[in-house]
Amino acid sequence: MPQRIPKHLSRRHSAETRALAIEPAHVQWFVNQVEAWYKEQGRSFPWRKPGMSLYQLLIIELLLQRTRAETVNRFHAGFFLHYPDWNSLARANRMDLEAALKPFGLYRRRAKVFQILASAVVGTGGELPRSVEDLGALPGLGPYMVNAVLMYRDGAPVPLLDGGVARVLERFFGPRELVDIRDDPYLHCLEERILELSKEPSEINWGIIDISALICMKNITHCHLCVLSKKCPNNRYGLS
DNA sequence: GTCCTGTAGC
DNA sequence: GCTACTGGAC
């Protein structure tokens, strides 16, 4: 008599099987192509270079949520002039903070999250927690933000899986299992394999992000410019 | 009108 | 699962 497997577990298992069935050489080729392309053609932003505090990096990553990197690039310096650290954020007047956040969008939500987060960090001595569990418990920090902190602070080989990255991975490797990328076992298993084969976590993560933003966009794809098109099942080269 | 380096509430 | 959150860029 075969044991009954709960539906969500069997779906998880099949998704991971699908991700693990991809040839190692195929994943390695993807990683090599993206990393080589990133060194030549990747975007350059201040937060990708040394010199920013962990506070600034975390705020920038929060600002990048549902917001174009170019927009964050243009306005972030002005914001940090007024709010240079956790203390200034925690003490800020809510309306002033909202006004400073308007150029980025989502300003009421962000003002609230920034202040709750700042109070929490100031309350524990101005240091962010070390563990994944405690980081994820901070207000406003989901799986993406936790990984961003681990990557910037610890150089950890963890993925930055956003909507654009999911799009690139799905077009090249095949579709996800679930609607929400944060819970999808296929994309997470795939990312684990990609980060394992990468030499530098930030380069592969930013490389995929930049391909999603510049080449492999939602509605327009520039397959003729893409270093992945040769082996991409979604290749529209010649058609667009 | 659509999209953008997500998260939390339902 | 689905949706609100927001404004800038195209």
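- No hydrogens or angles considered: nothing links the side chains of Ser198(A) and Glu203(A) as a donor-acceptor pair under 3.5 Å.
- A search for side-chain hydrogen bond (donor to acceptor under 3.5 Å, both in side chains) contacts involving Tyr152(A) returns Glu61(A), not counting sequence neighbours.
- Rounded to a whole Å, the NZ atom of Lys112(A) is 12 Å from the P atom of dA8(B).
- The distance from atom CG of Asp184(A) to atom C1' of dG6(B) is 16 Å, rounded to the nearest whole Å.
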Extract all donor-acceptor atom pairs below 3.5 Å that involve side chains of residues 73-80 of chain A and protein atoms in other chains or at least two apart in sequence.
unit_1, atom_1, unit_2, atom_2, d
His76(A), ND1, Val72(A), O, 3.1
His76(A), ND1, Asn73(A), O, 3.2

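- Counting any heavy atom pair closer than 4.0 Å across all strands shown, Gly164(A) reaches no nucleic acid atom.
- The residue among Gly136(A) and Asp210(A) whose nearest nucleotide of DNA chain B is located toward the 5' end is Asp210(A).
- Checking Ser202(A) against Asn205(A) by side-chain atom types alone, no donor-acceptor pair falls below 3.5 Å.
- Asn147(A) places its CG atom 13 Å from the P atom of dG6(B), with the value rounded to the nearest Å.
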Which pairs would a plain distance check flag for residues 167-174 of chain A, meaning a side-chain donor or acceptor within less than 3.5 Å of a matching protein atom at least two apart in sequence or in another chain?
unit_1, atom_1, unit_2, atom_2, d
Arg167(A), NE, Cys216(A), O, 2.9
Arg167(A), NH2, Ser212(A), O, 2.8
Arg167(A), NH2, Cys216(A), O, 3.2
Glu170(A), OE1, Arg176(A), NE, 3.1
Glu170(A), OE1, Arg176(A), NH2, 2.8
Glu170(A), OE2, Arg176(A), N, 2.9
Glu170(A), OE2, Arg176(A), NE, 3.2
Arg171(A), NH1, Met217(A), O, 2.8
Arg171(A), NH2, Met217(A), O, 3.3
Arg171(A), NH2, Lys218(A), O, 2.8

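- For dC10(B) and dT6(C), the P atoms lie 16 Å apart once the distance is rounded to whole Å.
- For Lys102(A), there are no side-chain hydrogen bond (donor to acceptor under 3.5 Å, both in side chains) partners, not counting sequence neighbours.
- The CG atom of Leu117(A) sits 12 Å away from the P atom of dT7(B) (whole-angstrom rounding).
- In this model, the phosphate group of dT2(B) is not approached by any side-chain N or O of Asn219(A) to a distance below 4.0 Å at OP1 or OP2.
- Taking atom CD1 of Ile220(A) as the reference point, atom P of dT2(B) lies 14 Å away to the nearest angstrom.
- Looking at heavy-atom distances under 4.0 Å, Ala148(A) makes no contact with the nucleic acid at all.
- Atom NZ of Lys218(A) is separated from atom C1' of dG1(B) by 13 Å (rounded to the nearest Å).
- With sequence neighbours left out, the ring pair (Phe, Tyr, Trp, His ring centres under 6.0 Å) criterion links Tyr38(A) to no other residue.
- Here Glu61(A) lies in heavy-atom contact (under 4.0 Å) with a base.
- Atom P of nucleotide dG6(B) and atom CG of Leu64(A) are separated by 8 Å, given to the nearest angstrom.
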If the sugar-phosphate is the primed atoms plus P, OP1 and OP2 and the base is the rest, what is the B/S/- string for nucleotides 1-10 of chain C, using protein heavy atoms under 4.0 Å? S--BBBBBS-
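- Note on Arg167(A): only backbone sugar-phosphate atoms sit closer than 4.0 angstrom, heavy atoms only; bases stay farther off.
- Nucleic acid contact class of Met145(A) (heavy atoms, under 4.0 Å, all strands): sugar-phosphate only.
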